[in-house]
Amino acid sequence: MPAKLIDGKSLAAMVRAEQKDAIESLAARGVRPGLAAVLVGDDPASRVYVRNKARACNETGVRSEVHEFPEQVSESALLECVARLNADPRVHGILVQLPLPRQLDAARVLAAVSPEKDVDGFHAANLGALLQGRPGFVPGTPAGVMRLLEHAGVPLAGRQAVIVGRSTIVGKPLALLLLQKDATVTICHSKTADLAAVTRQADILVAAVGSAKLIGADMVKAGACVVDVGINRLADGTLAGDVDFAAVKETAGWITPVPGGVGPMTVAMLIVNTVRAAELSIGKPLV
Ligand code: NDP
């Protein structure tokens, strides 16, 4: 039986519409949420991501600005920009689009972003808050995955969740969020022995690798919920996820498409975080 499709595009539109009341309350206090994106170099994918985020901001009533730098920018120039944005009261959220060119220390740049404006949730203070279960900014992709699961009504407590990929921006924070919901969580990576044997145990399987169609139907338990975070550009120019969608949809109970699944949710959660950062700036604590 074909899987139920989890439509990230329509859920993302709903999540953004939910921000309307908060944005109006802020406007009544003379505050318009503002997001500043820092973009370095000419990576086409990074450009598309920043453009999509700026467009979503504008459609939602969030002010956006983009600070562009050439590939060869010095770290000190970038840090100066981040310091300026930290001090700018019209900017509530700052995102540094990754990856940064090799000559720059991404960890140092991310650490320079004020934790109160760290709407990507990559600062150690926010990742630490997530680890300890305290309020903070949670990275958009794992937060978006959780909203998708919740919206689809996928049971989590007591279920086996397997995440393929252990990055700090997707796999690890998602593992913590799933643990908070009482799932039993396994994280796989490039050194995992017999990946298929592990993924076949999953009631919830999340692929966040960056390897087109890595997850085939023989790796998925019948009825499982399969969430595809991967974005891969194929030789013919089309996009594919990490999951072999056509095959897996015949086995899974739920599945997210690429595009139109996790991607739009990542952007929506960034906007939610920017609105929360604007509220924080006028004294409303994070919850
Ligand atoms: P990283 O490259 O940081 O991490 C990839 C992970 O996959 C690593 O942990 C790596 O293991 C693991 N891995 C690589 N090959 C294999 C393999 N054969 N078997 C099992 N594990 C493997 O990627 P990101 O987390 O940043 O992104 C992952 C994917 O998600 C990419 O396609 C990216 O474009 C996409 N993405 C999508 C977003 C969205 O909004 N939809 C947002 C962010 C990312 P090891 O640690 O051992 O190297």
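Counting starts at 1 for both ligands and their atoms, in listed order.
Interface atoms of ligand 1 facing Gly263, defined by a heavy-atom separation under 4.0 Å, are 40 (O), 41 (N). Residue contact check: Thr266 has heavy atoms under 4.0 Å from atoms 39 (C), 40 (O) of ligand 1. Close approach to Val164 involves these atoms of ligand 1, each under 4.0 Å from a residue heavy atom: 20 (C), 21 (N). The atoms of ligand 1 that sit less than 4.0 Å from any heavy atom of Gly165 are 6 (C), 7 (O), 9 (O). Those atoms of ligand 1 with a heavy atom of Ile169 less than 4.0 angstrom away are 26 (O).
More than 12 heavy atoms of other residues, nucleotides or ligands shown are found within 6.0 angstrom of NZ on Lys221.
Taking all heavy atoms of Ser167, Cys188, Pro139 into account, the minimum distance to atom 24 (P) of ligand 1 is reached by Ser167.
Checking Leu177, Asp228, Thr266, Leu174 one by one against Val145, the side-chain contact (heavy atoms from CB on, under 4.5 Å) holds for a single residue, Leu174.
If you check which protein heavy atom lies closest to atom 31 (C) of ligand 1, you get Gly210 CA, 3.6 Å. The protein heavy-atom contact nearest to atom 34 (O) of ligand 1 is Ile231 O, 3.6 Å. Taking atom 41 (N) of ligand 1 as the reference point, the nearest protein heavy-atom neighbour is Val229 O, 3.3 Å. Among all protein heavy atoms, the one lying closest to atom 8 (C) of ligand 1 is Arg166 N, 4.0 Å. Here the heavy atom of the protein found nearest to atom 23 (O) of ligand 1 is Val209 O, 4.2 Å. For atom 48 (O) of ligand 1, the closest non-hydrogen atom of the protein is Ser190 OG, 3.6 Å. In this structure, atom 44 (C) of ligand 1 lies nearest to the protein heavy atom Val170 CG2, 4.2 Å. For atom 21 (N) of ligand 1, the nearest protein heavy atom (residue, atom name, distance) is His189 C, 3.1 Å.
No donor-acceptor contact under 3.5 angstrom links the side chains of Arg55 and Asn58, judged on distance only.
Asp203 contributes a side-chain N or O that, together with a main-chain N or O of Gln160, makes up a donor-acceptor pair within less than 3.5 Å. Without hydrogens or angle criteria, Ser167 side chain to Val170 main chain gives a donor-acceptor distance under 3.5 Å. Proximity of a side-chain donor or acceptor of His189 to a complementary backbone N or O of Gly165 within less than 3.5 Å is not detected.
Checking atom 27 (O) of ligand 1 against the protein gives no heavy-atom contact under 4.0 Å.
Note that the CE atom of Met146 and the CG atom of Leu156 stand 5.5 Å from one another [nearest 0.5 Å]. Here NE2 of His92 is found 7.5 Å from CG of Leu26. Values are rounded to the nearest 0.5 Å.
Looking at heavy atoms from C-beta onward, Ser64 lies out of side-chain contact with Thr274 at the 4.5 angstrom threshold.
Look at Glu65 and Arg84 and you find no salt bridge, because none of the NZ, NE, NH1 or NH2 atoms lies under 4.0 Å from a carboxylate O.
At a heavy-atom cutoff of 4.0 Å, ligand 1 is contacted by the side chain of Thr141 but not by its backbone.
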